[in-house]
Number of protein chains: 2
Amino acid sequence: MNSPLVPLGRPRAERADAARNREQLLATARAMVAELGVEGVTMDGLAERAGLGKGTVYRRFGTRAGIFHALLDEDEHAFQDQVMSGPPPLGPGAGPVDRLIAYGRARTAYLADHLAIVRASLDRKQPVPAGSPATLTRMHIRMLLSLARPGITDLDSLALQLTAALEGPVMLYLSAPQPTTAPDPALADRLGDSWQTLIERVCPSG
Amino acid sequence: MNSPLVPLGRPRAERADAARNREQLLATARAMVAELGVEGVTMDGLAERAGLGKGTVYRRFGTRAGIFHALLDEDEHAFQDQVMSGPPPLGPGAGPVDRLIAYGRARTAYLADHLAIVRASLDRKQPVPAGSPATLTRMHIRMLLSLARPGITDLDSLALQLTAALEGPVMLYLSAPQPTTAPDPALADRLGDSWQTLIERVCPSG
DNA sequence: ATATTAAGCGGGGTGAAGTCCGCTTATGCT
DNA sequence: AGCATAAGCGGACTTCACCCCGCTTAATAT
């Protein structure tokens, strides 16, 4: 009979050697980022230093940006958990406007913390692919906006613009050319304050 | 005596052959964009098709993004002139809030029109270099904000966020993967409307 | 244990961006 | 007109992202 216990649903589980290699690659990538900076991580170099073939790297991550995406994944999940089920005002339990403000502050800090890798995880082609962090931010903002009922009709466009206002400054218009320099610790705070003001004006109800 | 008429100030004028070659390269680049799309323009291909060496292309434009920057330059100047000395409300003569709104609408339309080339003119490294259009947008917004006196202290941060809100959606979060498809003509309008609402809330004085 | 099979793997190959450096030639001076 | 000079030019070279395809091997069924 062909009735294996799990195989339908997920095509098959990840092979043991594949899992081992992924860990190996991720660890090596982290080491290379720490040692050489984001720019110093090349596909060939990563493969060689991990003692694996180039093809393996591509099988696992698909693209160079994919490496950094994977590197970010863990922290991204932690952040997401805080938003989805952490304590208020970031998590559920506070009013939508307070949550919007808290989200903006937390997100700004997160982006500033992971600046180099976030930027490296962006792919030139395909503007912000479907599953990306920016999409999550946008959906969350969109959701909180519809709860806040700011008396604005086109909440989709507004959410898009607020997403850009939140992530754009850190991801695009900021960041020093230098490899691993946090630009300015106070700047993230100022952006957080400014975000709060912006939200309070857009959603005046309170 | 060493007293040539102009040479101090500008080191020397552009050589005639250099000017001719630049025109040639620009024309060829335009043709290639029309024919092959933005992706089809390669440095080698451009050089060969223009009948010039690759070194020449790099001398003129520095980088691949530089080509598109140059391609944009003319239209960018025209846009700038409208803002600086055109009729109100885009040009001077209207109140700052009206000018902010008009600027946002005009800029959105401009970006949507030139989407493919604008995106191609962005360079991965060096996040939005100093002389770039985004900087101009930011300075203009900053200037109008200080005239509008919205009762907000950190106008620099606010200008940064509004710049991102304005340019981010078109440049980043929009645009189809397809070479030369205008995503949705109505979308630019909706973003313009949304921008107006945003500005009206941020600068309530009128 | 052995056979089967598809996921995993390796590394050579390709195309394109950007660098280098010696040759050519327009320009301005005498 | 002839000369000096530095801007301009060309194309070989390097580096890197990403592709391809035949071999290997872990997982599973018998």
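In this text, all values refer to a predicted model and were calculated from it rather than measured experimentally. The analysis underlying the following values was restricted to heavy atoms, covering all of them including side chains, and did not include hydrogens, waters or symmetry mates. All chains are named by letter (A, B, ...) in the order of the sequence lines, taking the proteins before the strands, and each is independently numbered beginning at 1.
Note: CD (A:Glu48) to C1' (D:dT15) measures 14 Å, nearest angstrom. We find that CG of B:Leu46 is positioned 16 Å from C1' of C:dG15, with the value rounded to whole Å. Atom CD1 of A:Ile67 and atom C1' of D:dC16 are 12 Å apart (whole Å). What separates CZ of B:Arg22 from P of D:dG8 is a distance of 10 Å, to the nearest Å. Here D:dG8 presents its P atom at 13 Å from CG of B:Leu25, a figure rounded to the nearest Å. In this structure, A:Gln24 atom CD and C:dC9 atom P are separated by 12 Å, rounded to whole Å. D:dT15 atom C1' lies 11 Å from atom NZ of A:Lys54, rounded to whole Å. The distance from atom CG of A:Leu52 to atom C1' of C:dG11 is 12 Å, rounded to the nearest whole Å.
Distance check: B:Ile101 CD1 to B:Cys203 SG gives 8.5 Å after rounding to the nearest 0.5 Å.
The phosphate of C:dC9 has OP1 or OP2 within less than 4.0 Å of a side-chain N or O from A:Arg60. Here B:Thr42 does not reach the OP1 or OP2 of C:dA16: none of its side-chain N or O atoms lies under 4.0 Å away. Listed pair A:Asn21 / C:dG8 fails the phosphate criterion, with no side-chain N or O lying under 4.0 Å from OP1 or OP2. Listed pair A:Thr63 / D:dC18 meets the phosphate criterion, a side-chain N or O lying under 4.0 Å from OP1 or OP2. In terms of phosphate contacts, A:Thr56 brings a side-chain nitrogen or oxygen within less than 4.0 Å of OP1 or OP2 of C:dG10.
In the set D:dG10, C:dT27, D:dA27, the nucleotide with an atom closest to the side chain of A:Arg15 is D:dA27. The side chain of B:Asp44 approaches C:dA16 more closely than any other nucleotide in the set D:dC18, D:dC9, C:dA16. The side chain of A:Tyr58 lies closest to D:dC19 when the candidates are C:dA7, C:dA16, D:dC19. Of the listed nucleotides (C:dG11, D:dC9, C:dC9), D:dC9 has the atom at the smallest distance from the side chain of B:Arg59. Among C:dT27, C:dA17, D:dC18, the nucleotide with an atom closest to any side-chain atom of B:Ala16 is C:dT27. Taking every side-chain heavy atom of A:Asp17 into account, D:dA26 is the closest of D:dA17, D:dC9, D:dA26. Side-chain proximity of A:Ala18 to D:dG10, D:dA17, C:dG8: nearest is C:dG8.
Electrostatic pairing of A:Arg30 and A:Glu35 does not count as a salt bridge here, judged by no charged N lying under 4.0 Å from a carboxylate O. Between A:Glu167 and A:Arg119 no salt bridge is recorded (no basic side-chain N to carboxylate O distance below 4.0 Å).
A donor-acceptor contact shorter than 3.5 Å is absent between the side chain of A:Gln161 and the backbone of B:Leu166. Between the side chain of A:His140 and the backbone N or O of A:Leu136 there is no donor-acceptor pair closer than 3.5 Å.
With no hydrogens or angles considered, a side-chain donor-acceptor pair links B:Gln196 and B:Glu200 at under 3.5 Å.
Where A:Gly51 and B:Arg20 meet DNA chain C, the nucleotide closest to each residue was compared, and A:Gly51 sits on the side nearer the 5' end.
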